[in-house]
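Here's the structure, in structure tokens; my notes come after.
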2 protein chains.
Amino acid sequence: MSLRNALLAMLTSQPMTGYDVYKNFQTSVGYVWHAPDSQIYPELRRMEQDGLISGETVPWGKRGTKKRYSITDAGVESFQEWLNTPPEYQRERDPVRLRAAYLEWAEPAASADFFRAHIEYHSARIADWEEMIRTLRDHSNPTLARRIEGKSDEEAERITAYKVFAYEGMIARAEVEIAWAEKGLELVERLGGQS
Amino acid sequence: MSLRNALLAMLTSQPMTGYDVYKNFQTSVGYVWHAPDSQIYPELRRMEQDGLISGETVPWGKRGTKKRYSITDAGVESFQEWLNTPPEYQRERDPVRLRAAYLEWAEPAASADFFRAHIEYHSARIADWEEMIRTLRDHSNPTLARRIEGKSDEEAERITAYKVFAYEGMIARAEVEIAWAEKGLELVERLGGQS
DNA sequence: GAGCTCATGTAAGAAGTTACATGATTTG
DNA sequence: CAAATCATGTAACTTCTTACATGAGCTC
């Protein structure tokens with residue numbers, strides 16, 4: 001159900017078309033939740049059927065049209081209900097740790113590449129999230145700007161702070177991944193792999 | 001494909017029945033990878049068809065039988081190929097961070113409960129993994145004992161070290177989650193939620 | 001012999017991935 | 001006018017979850 005709530009979260013800032021949502025999933029919100037277009041369009045239709053959002057066909061260019069969805073009161077209620085419900089944790093499923101546990105079967109060079117790739121991946125994510133935090137802090141983020149429009153300074157600060165805090169959590173975790181992978185590189189150098 | 005590789009990883013230590021695998025997924029290996037029995041039995045059958053493992057029907061009690069699977073040479077090769085291949089990262093999909101980013105819509109009490117649940121969950125996982133590391137370090141872990149049987153001290157140390165290292169990675173990440181959630185509690189206290 | 005463990009499934013459905021497909025509009 | 005962007009899908013498949021189902025063996 002998180003996809004549905006990610007969509008509701010987005011639509012609390014402003015009405016959007018499926019394509020707008022798709023774009024957001026590739027950048028901003030996509031840094032915490034991603035979904036492909038093949039998942040987005042059908043889900044939006046289902047949500048409209050369930051009354052959580054309402055779609056309005058608006059003209060686009062001369063002949064084209066597009067469908068813009070707005071969150072309904074029932075949608076806001078459903079979103080808040082989700083936020084107020086205790087989280088459910090899924091069982092662990094960590095392919096990276098699974099691999100690491102069996103590196104005695106791997107070639108040392110491949111193991112080193114594996115850790116280097118891990119460091120690179122998480123470094124790139126940190127750069128994304130730091131940039132995101134920057135645009136949140138200086139309010140140059142258009143979605144945030146729309147969101148805090150007409151709100152008091154206190155409210156604007158609160159809205160911003162939670163978003164920054166979420167991305168800070170992502171960064172902190174990625175930093176631990178990098179430190180772990182660096183330890184992994186040392187380990188591989190010291191122990192090697194298959195004999 | 002990680003389920004398949006988790007199964008191969010397990011079977012590198014010793015032949016096992018589907019039920020043995022299921023048990024392991026509830027404890028030891030289950031702390032990095034989990035799968036329900038409804039996924040395990042069909043996957044083992046598919047792996048046998050693909051020649052990665054071979055099943056042997058052995059008697060169990062007076063009339064009962066069970067099927068014990070052993071990894072084949074092709075299975076070891078496939079497992080090593082996976083270990084030697086660069087990792088693929090899936091797009092982010094983090095329900096906890098998604099929620100955190102929108103806590104201005106939640107009730108402060110529910111937000112605090114959310115962070116407290118997060119701390120509790122990760123504290124429990126740390127306890128599991130620390131216990132796991134203990135049984136690996138003192139070689140009282142039966143699966144590890146089987147795995148290092150007849151191996152040199154150096155090899156035994158290497159095998160153990162990678163497993164300990166993997167669990168240490170899980171612990172490090174969980175500790176960051178706890179620290180983040182503690183910051184979250186402060187934030188909620190300072191900022192509150194919906195007005 | 002009751003209750004737990006060992007053993008092995010099926011079935012329905014939700015969630016997510018990958019590939020294929022099409023057409024209008026805007027921009028350089 | 002070509003290329004990029006906007007717009008919206010379908011189809012097949014894999015993965016995972018949840019629930020239902022059954023029966024033998026072992027232990028107290």
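Quick note on labels: first sequence line is chain A, next is B, and so on, each numbered from 1.
Residue B/Asp20 is the one, among A/Leu3 and B/Asp20, whose nearest nucleotide of DNA chain C lies closer to the 5' end (criterion: closest heavy atom). Nearest-nucleotide positions on DNA chain D place A/Trp60 closer to the 5' end than the other of A/Pro42 and A/Trp60. Projected onto DNA chain C by closest heavy-atom contact, B/Gly18 and A/Gly64 fall at different nucleotides, the more 5' of which corresponds to B/Gly18.
Between D/dG9 and A/Tyr41, no contact under 4.0 Å exists linking OP1 or OP2 to a side-chain N or O. For C/dT18, the OP1/OP2 oxygens have no side-chain nitrogen or oxygen of B/Arg91 closer than 4.0 Å.
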Nucleotide N/O to protein N/O under 3.5 Å, stretch nucleotides 12-15 of chain D:
{"unit_1": "D/dT15", "atom_1": "OP1", "unit_2": "B/Met1", "atom_2": "N", "d": "3.4"}

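Residue B/Ser38 places a side-chain atom within donor-acceptor reach of the base of D/dT18, judged by atom type and a 3.5 Å distance cut-off alone.
Computed from coordinates, the B/Gln90 CD to C/dG16 P distance equals 11 Å when rounded to whole Å. Rounded to an integer number of Å, the gap from CD of B/Gln26 to P of C/dT5 is 11 Å. Between the CG atom of A/Asn24 and the P atom of D/dA7 there is a distance of 12 Å, rounded to whole Å. Atoms CZ (A/Phe25) and C1' (C/dG16) sit 13 Å apart, rounded to a whole Å. The interatomic distance linking B/Arg63 (CZ) with D/dT22 (P) rounds to 19 Å, in whole Å. What separates CD1 of B/Ile40 from C1' of D/dT17 is a distance of 13 Å, to the nearest Å. Atom OH in B/Tyr22 sits about 13 Å away from atom P in D/dT17, given to the nearest Å. The interatomic distance linking B/Lys62 (NZ) with D/dG23 (C1') rounds to 15 Å, in whole Å.
A/Arg99 forms a cation-pi arrangement with B/Trp82, by the criterion of a distance under 6.0 Å to the ring centre and an angle within 45° of the ring axis. Taking the ring centre of A/Tyr102 as origin, the terminal cationic atom of B/Lys163 falls inside the region bounded by 6.0 Å and 45° from the ring axis.
Checking D/dT17, C/dT18, C/dA7 against the side-chain heavy atoms of B/Lys66 singles out C/dA7 as nearest. Listed candidates were D/dT8, D/dT10, D/dT18. Nearest to the side chain of A/Tyr19 is D/dT8. Residue B/Lys23 has its side chain nearest to C/dC6 when only D/dT8, C/dC6, C/dG9 are considered.
In this structure, B/His118 and B/His122 have perpendicular ring planes: the angle between them is above 60°, well past the 30° mark.
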Item to check | side-chain contact (heavy atoms from CB on, under 4.5 Å) between B/Tyr89 and A/Val96, intermediate numbers included | outcome: CA-CA 9 Å; B/Tyr89 293 89; A/Val96 165; 4.2 Å; yes

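Annotation for B/Tyr69 and B/Gly55: closest pair CD2-CA, 3.6 Å, computed over non-hydrogen atoms.
A salt bridge links B/Glu177 and A/Arg173; the closest N-O separation between the charged side-chain nitrogens and carboxylate oxygens is under 4.0 Å.
Residue-level contact check: B/Arg45 touches the backbone only, with heavy atoms under 4.0 Å from sugar-phosphate atoms and none from bases.
A donor-acceptor contact closer than 3.5 angstrom is absent between the side chains of A/Ser2 and A/Asn5. With hydrogens and angles left out, the side-chain atoms of A/Thr12 and A/Arg147 include a donor and acceptor closer than 3.5 Å.
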